[in-house]
Amino acid sequence: MVARSKETPSRRFSIGVVGARGFTGKILLGLIANHPALDLVFAASRGLAGTLVSAVAPHVAGTLRFEAMDEHAAAARPVDAVILATPDGAASMYSAAIAKSAPETVIIDLSADHRFDDDWEYGLPELRRLKGEGTRLRGARRIANPGCYATAMQLAIAPLLERLAGTPSVFGVSGYSGAGTTPNKRNDPAILRDNLLPYGLTGHKHEREATRHLGRSVRFSPHVHPAYRGLLTTVHVPLKAPTEKQDLRDIFHAAYGHEPLITLQDEAPNLRDGSGHAGVIIGGFETSYDNPYAVLVAAEDNLLKGAAVQAMQNLNLALDLDEFGGLDELSGRSTGNAFIE
C-alpha cells in the first residue's frame, strides 16, 4: 500500500476534469471519487455528453453527467482545481481561459502544452525532491504533469547526473494506450498485431522534456507494441569512472529509498511488471568496466504514475494535502483494482 496520513482533511475541495473520456480521464474520475477531501463537480467530454459518469467510472456515485464544455464554459464553473486530461494543443486554450476568469484555481495539465513553460511548475515530485526543489510544488497554482516516458527515464538517470561521461541513451517500449483514443497507426490492432512499431526516432517530445528538466542531453527511441498498457525503458548511462554494481545500487537507494512510489530491485523488471503498478520499478543495475557505463531498466504504468497517479500527487501538493491522499487503494501490483481497469 502507498503510505499516507490517516488524518481527516479539514475541508473539501471541488474538482473539475476536462477530457474525462480518455483512458487517463476514466482513472482520474475513480481516484477523485476515492479521495477523502475531493468532490467531483464536473466531467467534460463532448463524446459522452449526457451520459452518467457512473456508467464509465462506477466509483463515482450520484447522478453527475458528462458535459460538453468548451474552454469558456469550463472557466465559468467555480471550482478549486481543474485537471486537464486533453490532447496536446487543447489544454493551453482551457488553461488560458481559466487563468483569466479564475486565477486562483489550481490547474494540473497532463498534456505537453506547459512542460517547457517557466511559469508552470514541473510536476515530477520525486525528481524535484532529489534536486532540492520539492517545496515548490506545494501550494502551486499551475503544474505541468510530466510525460509517461519522461517520468521513467528521468528517474532512472537523475541519481547519476554527477557521474555522467556522455549522453544517456534510452530504448523505450509501451502499450498502445499511450497513443490515446483517436485512431492512428500506433493504436491500430491490425498494424500492431505481432509487431513492434518504432516512431519519433529523433526529437521526440519526451526526449526534449527529459533533456530540459535534467539539464543534460538524452537520446530516446520509443516503440509501441500490442499490449494495452505498461511501459519499459532500458537506459544506458556512460560513466566517468568504473563503478561496482553494489555502488550503483547504493546510489539509487540513497536517492529513492524513502520514496513510496519508487520500487528498487536487483532484477530488471519487465513490461508486465509495470502494468497496473502505482509507481516506477527500477532494477537491473548492471555495470561495465570496459568504457565504463551502467545499464538500468525502469518499468511503470503509462496511465498511472505516467499520468493519473502523478496528477493526483500534484493535485494533493497544490491543495496542501497529503501527497498520497486518495492513493491508498493502489498497491504495488493492483491490476485487479477497479480504479485502473
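Note that the numbering runs from 1 along the sequence shown for the chain. These numbers come from a predicted model, not from an experiment.
- Counting side-chain heavy-atom gaps under 4.5 Å among Ile, Leu, Val, Met, Phe, Trp and Tyr, Met93 is found in no cluster with other residues.
- Side-chain contact between Phe42 and Val18 is present, with heavy atoms from C-beta onward closer than 4.5 Å.
- At a threshold of 4.5 Å between non-hydrogen side-chain atoms, the residues Pro146 and Glu209 count as touching.
- A distance of 9.0 Å separates CG of Asp322 from CG of Leu317, quoted to the nearest 0.5 Å.
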Listed pairs under 3.5 Å, donor-acceptor, residues 67-76 side chains, sequence neighbours left out:
residue : atom : partner : partner atom : Å
Glu67   : OE1  : Arg77   : NH1          : 2.9
Glu67   : OE2  : Arg77   : NH1          : 3.1
Asp70   : OD1  : His72   : N            : 3.1
Asp70   : OD1  : Ala73   : N            : 2.8

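- Partner Leu84 forms a side-chain contact (heavy atoms from CB on, under 4.5 Å) with one of Val17, Asp109, Ile108 and no other, that one being Asp109.
- With sequence neighbours left out, Phe116 forms a ring pair (Phe, Tyr, Trp, His ring centres under 6.0 Å) with no residue at all.
- Of all heavy-atom pairs spanning Ala152 and Leu231, the tightest one is CB-CD2, 3.9 Å.
- Taken together through direct or relayed side-chain contacts under 4.5 Å among Ile, Leu, Val, Met, Phe, Trp and Tyr, Leu239 and Val170 form part of one hydrophobic cluster.
- Follow the hydrophobic side-chain contacts under 4.5 Å out from Ile98 and you never reach Leu28; the two are in separate clusters.
- With sequence neighbours excluded, no residue forms a ring pair (Phe, Tyr, Trp, His ring centres under 6.0 Å) with Tyr94.
- Closest non-hydrogen pair, Phe23 versus Ser177, comes out as CD1-O, 3.5 Å.
- A donor-acceptor pair under 3.5 Å is absent between the side-chain atoms of Arg129 and the main chain of Gly134, judged by distance alone.
- For Asp118 and Arg212, the salt-bridge test passes: some basic side-chain N is under 4.0 Å from an acidic carboxylate O.
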Practice problem: Would you check, one step at a time, whether the test side-chain contact (heavy atoms from CB on, under 4.5 Å) holds for Arg142 with Asp117? | Solution: CA-CA 10 Å; Arg142 307 285 179 264; Asp117 189 336; over 6 Å; no

Quiz item: After noting the C-alpha distance and the side-chain angles of Tyr289 and Glu244, does the key distance pass the side-chain hydrogen bond (donor to acceptor under 3.5 Å, both in side chains) rule?
Solution: CA-CA 9 Å; Tyr289 272 63; Glu244 296 285 349; 2.7 Å; yes

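- A salt bridge links Asp266 to Arg249: one of the charged nitrogens lies within less than 4.0 Å of a carboxylate oxygen.
- The minimum heavy-atom distance between Val280 and Ala298, with the atom names listed, is CG1-CB, 4.3 Å.
- Between His277 and Glu300, the closest side-chain pair of non-hydrogen atoms is not below 4.5 Å.
- Annotation for Leu52 and Gly62: closest pair CD2-O, 4.4 Å, computed over non-hydrogen atoms.
- Residues forming a side-chain contact (heavy atoms from CB on, under 4.5 Å) with Asp250 (at least two apart in sequence, or on another chain): Gln246, Asp247.
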Exercise. Evaluate the side-chain contact (heavy atoms from CB on, under 4.5 Å) criterion for residues Leu38 and Leu315: first the C-alpha distance (whole Å), next the side-chain angles of each, then the deciding distance (0.1 Å), finally the verdict.
Key: CA-CA 10 Å; Leu38 304 183; Leu315 180 62; 3.7 Å; yes

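- Considering only residues two or more places apart in sequence or on other chains, Arg128 meets the salt bridge (Lys or Arg N to Asp or Glu O under 4.0 Å) condition with Glu121, Glu133.
- When atom types are taken as modelled, the side chain of Asn302 and the backbone of Gly230 share a donor-acceptor pair closer than 3.5 angstrom.
- The shortest side-chain heavy-atom distance between Leu48 and Arg65 does not fall under the 4.5 Å cut-off.
- In this structure a side-chain-to-backbone donor-acceptor pair under 3.5 Å is present from Thr86 to Ala91.
- Linking Ile, Leu, Val, Met, Phe, Trp and Tyr whenever their side-chain heavy atoms come within less than 4.5 Å leaves Leu271 and Met153 in two separate clusters.
- Val79 and Val60 are members of different hydrophobic clusters when ILVMFWY side chains are connected at heavy-atom separations under 4.5 Å.
- Leu29 is listed as a side-chain neighbour of Phe66, based on a closest heavy-atom distance under 4.5 Å.
- Judged by distance alone, with hydrogens and angles left aside, the side-chain atoms of Thr243 form a donor-acceptor pair with the main-chain N or O of Ala241 at under 3.5 Å.
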Quiz item: Going through the distances and angles, do Asp80 and Ser14 end up as a side-chain hydrogen bond (donor to acceptor under 3.5 Å, both in side chains)?
Solution: CA-CA 5 Å; Asp80 293 302; Ser14 55; 3.3 Å; yes

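- Not a single side-chain hydrogen bond (donor to acceptor under 3.5 Å, both in side chains) links Glu267 to another residue, sequence neighbours left out.
- We find the CD1-CG distance between Ile157 and Leu164 to be 7.5 Å, quoted to the nearest 0.5 Å.
- Panel note: side chain Arg21, backbone Ala44; no donor-acceptor pair is recorded below 3.5 Å.
- By the 4.5 Å heavy-atom criterion applied to side chains, Glu207 and Tyr149 are not counted as neighbours.
- For His204, the ring pair (Phe, Tyr, Trp, His ring centres under 6.0 Å) partners are Tyr199, His206, Phe220, not counting sequence neighbours.
- Considering all non-hydrogen atoms of both residues, Arg138 and Leu321 come closest at NH1-O, 3.1 Å.
- Of all the heavy atoms in Leu201 and Pro222, the pair that sits closest is CD2-O, 4.4 Å.
- Side-chain atoms of Ser95 come within 3.5 Å of backbone N or O of Ser92 as a donor-acceptor pair.
- Judged as a side-chain contact (heavy atoms from CB on, under 4.5 Å), and not counting sequence neighbours, the contacts of Tyr293 are His236, Ser288, Val295.
- Pairs engaging residues 305-316 under the side chain to side chain donor-acceptor pair (under 3.5 Å) rule: His35-Asn316, Glu126-Lys305, Glu126-Gln313, Asn145-Asn314, Thr151-Gln310, Lys305-Gln310, Lys305-Gln313, Gln313-Glu323 [sequence neighbours left out].
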Practice problem: Take Phe252 and Leu296, measure what side-chain contact (heavy atoms from CB on, under 4.5 Å) needs, and give me the verdict at the end. | Solution: CA-CA 11 Å; Phe252 275 80; Leu296 306 103; 3.3 Å; yes

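- Taking hydrophobic clusters as Ile, Leu, Val, Met, Phe, Trp and Tyr residues chained together by side-chain heavy-atom distances below 4.5 Å, Ile143 shares a cluster with Leu261.
- Partners of Pro78 by side-chain contact (heavy atoms from CB on, under 4.5 Å), not counting sequence neighbours: none found.
- Partners of Asp113 according to the salt bridge (Lys or Arg N to Asp or Glu O under 4.0 Å) rule, which considers only residues two or more places apart in sequence or in another chain, do not exist here.
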Exercise. In sequence, state the C-alpha distance, the side-chain angles, and the governing distance for Tyr176 and Asp188, and then conclude on side-chain contact (heavy atoms from CB on, under 4.5 Å).
Key: CA-CA 8 Å; Tyr176 65 83; Asp188 186 328; over 6 Å; no

